[in-house]
Amino acid sequence: MSYYKLRDEKLAQLRNGHTAYAKSRELIRILKRGIEKEQLQVHYDETQKGCWIIPLIPEKYNYT
């Protein structure tokens, strides 16, 4: 599967409020570019084995 198809799937997950995971450095790089382009608010949790990308919920949607 191409990195760009994976990127599109992961960006869709993030837009829907779901966490995304990427293992390869190339996919992480492409995802970060897409996230910046779409101005998504996310938190990156990078480890030696991959990167968890967690969408940040705007305050107006914070139900705590």
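- Between P55 and T19 the shortest side-chain heavy-atom distance falls below 4.5 Å.
- Between R33 and E36 there is no salt bridge, since no side-chain N of the basic residue sits under 4.0 Å from a carboxylate O of the acidic one.
- With values rounded to the nearest 0.5 angstrom, Q41 atom CD is found 13.0 Å from H43 atom NE2.
- Contact annotation: the side chain of W52 never approaches that of E46 to less than 4.5 Å [non-hydrogen atoms, C-beta and beyond].
- From Y21, atom OH reaches atom CG of L31 across 12.5 Å, with rounding to the nearest 0.5 Å.
- Taking 4.5 Å as the limit, some side-chain heavy atom of L11 sits within range of a side-chain heavy atom of I35.
- Counting heavy atoms from C-beta outward, K10 and I53 have side chains that stay 4.5 Å or more apart.
- Under the 4.5 Å side-chain heavy-atom criterion for Ile, Leu, Val, Met, Phe, Trp and Tyr, I28 and V42 are members of distinct hydrophobic clusters.
- Cluster annotation: L27 and I54 are assigned to distinct hydrophobic clusters (Ile/Leu/Val/Met/Phe/Trp/Tyr, side-chain heavy-atom contacts under 4.5 Å, transitive).
- Taking NZ of K32 as the reference point, atom CG of L40 lies at 14.0 Å (rounded to 0.5 Å).
- Within the model, atoms CD1 of I30 and OG of S2 stand 8.5 Å from one another, a figure rounded to the nearest 0.5 Å.
- Listed here is the closest heavy atom pair of K49 and K23: O-CG, 3.5 Å.
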